[in-house]
Amino acid sequence: MKPDMRMEANRNSILLDREISQLMFNRRVLANAEDPAIPLLERLRYLCIVSSNLDEFFEVRVASLLAAASVDGALSEHPALVATLNRVSNECHALVKRQYEVLNTEVLPELAARNVHLLRHSERNDAQRAWVKEYFEREVRPLLTPIGLDPAHPFPQVVNKSLNFIVALSGKDAFGRGTAIAIVKAPRVLPRVIRLPDELSDGTGGIAFCLLSSIIHAHISDLFAGREVIAYSQFRVTRDSDLWVDEDEVKNLRQALKGELQGRQFGRSVRLEVAKNCPPELSQFLLDQFSLDQSRLYRVDGPVNMVRLNEIIEHVKDATLRFPPFFPGSVTKVASGDIFATLREHDILLHHPFQSFQTVIDFVRSAALDPSVVAIKQTVYRTGMNSDLMEALIAAARMGKEVTVIVELMARFDEEANINWADKLEQVGAQVVYGVVGLKTHAKMALVIRREEGALRYYAHLGTGNYHPTTTKFYTDFGLLTCDPQLGKDVNEVFMHLTSLTKPQKLTHLWLAPFALQSEIIKAIRNEAKIARAGRPGRIIVKVNALVDESVIRALYAASHDGVKIDLIVRGACTLKPGVPGLSENIRVRSIIGRFLEHSRIYYFRNDLAHDVYLASADWMNRNLFRRIEVAFPVLDKALKRRVITEGLNPYLKDNTNAWELEPDGHYLRRKPRGKQVLFGAQQHLMDILGTPADQAGS
C-alpha cells in the first residue's frame, strides 16, 4: 500500500493527540523543576510556569473541548471527544499530583534548608502567630465579606481563578436560622504571599513567608462569632476565557471587547480546585454550584494557585538560588548612533535575548525623532502595559508624522493592554486599525518611510516575536532590520492590505497568511522531495513552537518517503509521528526546554545549496496558516543566513542537555551525552558567544 493510501486508511494512526502532546510539553517543563542541578528558585519558577500553562490549557483547550462535546450543558454522544476529555483529565490529574509532590517534598524543604521558609499555621512559632493575627486584624479582616447562604443570599458570582473559601457552620445564625454554608472571597487587592518581618524569621539571615490563604484559614472562625466552624477549604474555579464577539454584527470591535472582557471573568466553569483535605460534601456542593462532574475536581496539597509563589522568587535576593545573571550583547556596528546609515550599508540580524532588544527600540525612537522620517507603520500583538516602543509611536504622532498602528484587539489575555494603547494612540492623531475581522494580526512588522534625496526609502523590522519589553528578555526570537527595497515594498504592501482590506498585490519575498503561507511551505517541502527523487540531497530543518497542521504533516511524510532528511525542533505540541518505518523514518523531532522560552520560527530548505532560510511569525498550525495574518520573510544576506543556521538551528540539533526526542508513540526521551560526548546546551552556547561578559556589562 502506498504511503498516501495508508494515511487515508486510518487518519488517527498517523497523527498524535494534540491535547496530550501539549500536556507532554508541561511534563518536560516539570522535569526541570525536578532537576537538582537547577537552582532552587528557578525550580520553583518552573513549577509556577506549569501552573500558568495549565490555567491557559483549561481556559482555552479544555473549554473548547467541553463546548464541542456538550449539548445544553451536558456531555452529548460524541465518543471521540469524550474519550479525549477523559485522557486529558487523567493526564492533568497525574501532572498536578506530581507538581505538588515536587513542591512539598523537594523544593520547599530544600529552600527551608537555605533559610527560605514558607510557613503553614502549624509551623509558625508564638511570635509569628501573634504577628500574623495582628496583620489579619489590620489588613485582611476589614476587607472580607463573609456571605452566609440562604434564599436572600444565594451562591455568589465567583471570578475566574480567584481565591475563595467555603465554610461549613454548626448551630444557628443571629436570626435563629440554620444557615450551614458560607462563602468568603479573598480580597483581590491583597498580596497572596506575605513576607514576615526579618526579626521573626527562623535562622540567621533567613527569610520567612506565609500565604494569604494560610492567614485566612488560621482566623476564619473569627469571622463567625457564635458559630462553630465545622470544616472549610480554599477553592478556585477556572472558567472558559476565550472571548467571543459577533464580528459581523458589531460596529465597533473595541467597544464590544471592552464589554466582553468583563464577561470573561464569569465564563463557563471548566475546573474546580480545592484543598486536599476538603470534605467530600463541601467539594460536591461546589461541583453542583459550578455544574461540574467529579473528573473536573482537583484536590491540591498547597495553594490552589501555585503561580502566586512567583512572589517568593521576587523577594529572595540570594544569587546562588538563581541562574547566574546574563547580560545580552549589543550590536556594536551601530555605535555611530545613525541606525539608518548603518542599514544602508548592511542588514542587521538580532538574536534575542542573547542580543539586546534595545536596537529595535532605538530604531523606532530614531524614526520618531528624525525630521526626514515621514511615516511609521507597526503591528502590535503583545506589547505590555508599559512600552517604550508605544511611547515612541505616540511621540512620533505628536510631531506630525504619519503613524499607522495595526492593533490586534483579540490577542489572548493582552486585550486590555492593547485597548489602552489604541486609545492613547488615537488621542494623539495616530491612525489605529484593528486588523481584519475574523483574522488575528499576528505578523511582527515595523516600517519606517524616510525621505532621502527627494525620494522615499523604506526601512523595515521583521521579527519572529512580540514587541514586548519583558518577553524579549526571556523568549528566543530573531529580528531582521533591513532597507532592502523589495522587502520594504512587500512590507508596505501588507500594511496597505491590512488597512484598505483590498487583496494584496503579488509579493516578491514575503509569504503571507492566510493567502499563500501554507501553499508556499508545502511547495518548498515538495521541492526538497523532488530533489531527493533525482538522487541529490534533500534537507529540511524547521524550528517552530507547534506542529499540528495536517496538510503540512502529510507533505513532510511524503518528503521523508522520498528520502529527504528532516529535523524538526518543536517546543510544544507536535502531532507528527517521527521514525515510523515506511512513513516517517527520515524525520526526527526534538524539543528544547531551557532557561529561555524557545519562540523563534525558522524554516530551512537546502534547495540544491541555495540554502533558503525563512524567519516567521507563524507556527505550523491551521490557525496560523488560515485564521491569522502571518508573515514569513527570507534572510537574503549570505552571512546572515549562516548566522541563522549556526545560531538558530545547528546548536539545537547538537544539544544533549536540554533536548527531548519524540518517540513514535508520543513519549519524549531526554537526550544525554553518549560515550565521550561532552555536555552541550544550545542556550548556554549562545549566551557564551553572543552575550556581554559580566565584567563588561556595566561599562
Side-chain angles (χ1 to χ4, degrees), residues 22-59 91-120 123 161 163 191-195 207-214 234-236 238 271 273-276 298-323 413 470-471 474-475 571-572 591-598 657-658 660 668 670 683:
Q22 186 64 35
L23 291 172
M24 288 298 102
F25 163 66
N26 285 295
R27 281 280 186 182
R28 300 193 292 280
V29 177
L30 181 58
N32 277 12
E34 298 170 317
D35 188 347
I38 292 177
L40 277 170
L41 289 179
E42 306 298 345
R43 294 175 65 186
L44 179 58
R45 194 191 307 277
Y46 283 119
L47 287 174
C48 294
I49 290 171
V50 173
S51 284
S52 178
N53 289 347
L54 285 177
D55 283 351
E56 184 171 348
F57 181 78
F58 276 94
E59 290 174 290
E91 178 57 32
C92 285
H93 277 91
L95 185 59
V96 169
K97 180 181 178 182
R98 179 57 185 154
Q99 185 188 10
Y100 281 88
E101 285 176 353
V102 174
L103 177 71
N104 292 316
T105 66
E106 298 180 31
V107 174
L108 289 182
E110 291 180 36
L111 281 173
R114 299 292 298 272
N115 276 330
V116 178
H117 304 274
L118 181 62
L119 301 174
R120 302 188 184 209
E123 298 167 336
K161 298 188 296 186
L163 175 62
R192 279 359 189 204
V193 178
I194 295 93
R195 179 175 176 174
I207 181 171
F209 302 91
C210 60
L211 299 175
L212 177 65
S213 57
S214 174
Q234 59 179 314
F235 72 89
R236 186 175 80 132
T238 309
R271 174 182 60 169
E273 295 164 283
V274 300
K276 185 174 96 169
Y298 289 77
R299 295 180 175 275
V300 300
D301 188 10
V304 290
N305 185 357
M306 199 184 292
V307 177
R308 296 292 191 173
L309 298 184
N310 269 315
E311 296 175 37
I312 292 177
I313 301 171
E314 303 310 315
H315 277 285
V316 178
K317 304 304 179 186
D318 186 345
T320 65
L321 299 178
R322 303 174 183 272
F323 287 130
F413 305 122
T470 299
T471 60
F474 302 105
Y475 288 17
R571 185 195 79 213
S591 172
I592 307 293
I593 309 295
R595 173 173 178 169
F596 304 119
L597 180 81
E598 291 298 333
T657 61
N658 297 309
W660 297 74
Y668 284 80
R670 192 164 195 168
Q683 292 185 1

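Only a predicted model underlies this, so the values are computations on that prediction, with no experimental measurement involved.
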Practice prompt. Measure from NZ or CZ of Arg27 to the centre of the six-membered ring of Tyr668 and say whether it is under 6.0 Å with the direction within 45° of the ring axis.
Written response: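 No, cation not above the ring by the 6.0 Å, 45° rule.
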
Spacing of [atom1] belonging to [X] relative to [atom2] belonging to [Y], to within rounding of 0.5 Å:
| X | Y | atom1 | atom2 | value |
| --- | --- | --- | --- | --- |
| Lys97 | Leu95 | NZ | CG | 12.5 Å |
| Cys92 | Phe58 | SG | CZ | 4.0 Å |
| Asn310 | Asn305 | CG | CG | 9.5 Å |

On a heavy-atom basis, which atom in [X] and which in [Y] lie closest, and how many Å separate them?
| X | Y | result |
| --- | --- | --- |
| Leu211 | Ile194 | C-CD1, 4.2 Å |
| Gln683 | Arg595 | OE1-N, 2.9 Å |
| Ala275 | Arg299 | O-NH1, 3.8 Å |
| Ala33 | Val107 | O-CG2, 4.3 Å |
| Ala37 | Asp35 | N-OD1, 2.9 Å |
| Pro191 | Glu311 | CB-OE1, 4.1 Å |

* For Arg43, what residues pass the salt bridge (charged side-chain N to carboxylate O under 4.0 Å, His left out) criterion, not counting sequence neighbours? ->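 Per chain and number, Arg43 pairs via salt bridge (charged side-chain N to carboxylate O under 4.0 Å, His left out) with Glu106, Glu110.
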
* To do: Look only at the side chain of Glu273 and the backbone of Phe235, and say whether a donor-acceptor pair between them is shorter than 3.5 Å.
  =>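 Flag not set: sc Glu273 to bb Phe235 has no pair under 3.5 Å.
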
Taking the side chain from Arg308 and the backbone from Arg192, do they hold a donor-acceptor pair closer than 3.5 Å?
->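 No; judged by distance alone, with no hydrogens or angles, the pair does not exist.
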
Kindly list each side-chain donor-acceptor pair under 3.5 angstrom involving residues 44-52, sequence neighbours excluded, with atom names and distances?
residue, atom, partner, partner atom, Å
Arg45, NE, Glu42, OE1, 3.1
Tyr46, OH, Asn32, ND2, 3.4
Tyr46, OH, Gly594, O, 2.8
Ser51, OG, Gln99, NE2, 2.6

Does the side chain of [Y] come within less than 4.5 Å of [X]'s, by heavy atoms?
| X | Y | answer |
| --- | --- | --- |
| Leu163 | Ser213 | yes |
| Glu91 | Met24 | yes |
| Arg236 | Asp55 | yes |
| Trp660 | Ile592 | no |
| Arg670 | Asn658 | yes |
| Leu111 | Leu118 | no |
| Arg98 | Leu30 | yes |
| Ile207 | His117 | no |

(Q) Ring centroids only, cut at 6.0 angstrom: are Tyr298 and Tyr100 within range, meaning strictly under it? (A)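 No, ring centres 6.0 Å or more apart.
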
Salt-bridge present (Asp301, Arg120; N to O < 4.0 Å):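 Answer for the salt bridge query: yes.
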
ask   = Would you call Glu59-Lys161 a salt bridge at under 4.0 Å N-O?
value =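 Result for this pair is yes, salt bridge flagged.
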
Which donor-acceptor pairs under 3.5 Å do the side chains of residues 312-319 make with protein atoms, sequence neighbours left out?
residue, atom, partner, partner atom, Å
Lys317, NZ, Glu314, O, 2.9
Asp318, OD1, Thr320, N, 3.0
Asp318, OD1, Thr320, OG1, 2.6
Asp318, OD2, Thr320, OG1, 3.3

**Prompt:** Could you go step by step and tell me if Val116 and Leu108 meet the side-chain contact (heavy atoms from CB on, under 4.5 Å) rule?
**Reply:** CA-CA 8 Å; Val116 178; Leu108 289 182; over 6 Å; no

Taking CZ in Phe323 as the centre, count heavy atoms belonging to other residues, nucleotides or ligands within less than 6.0 Å. Is the count above 12?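 Yes, enclosed.
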
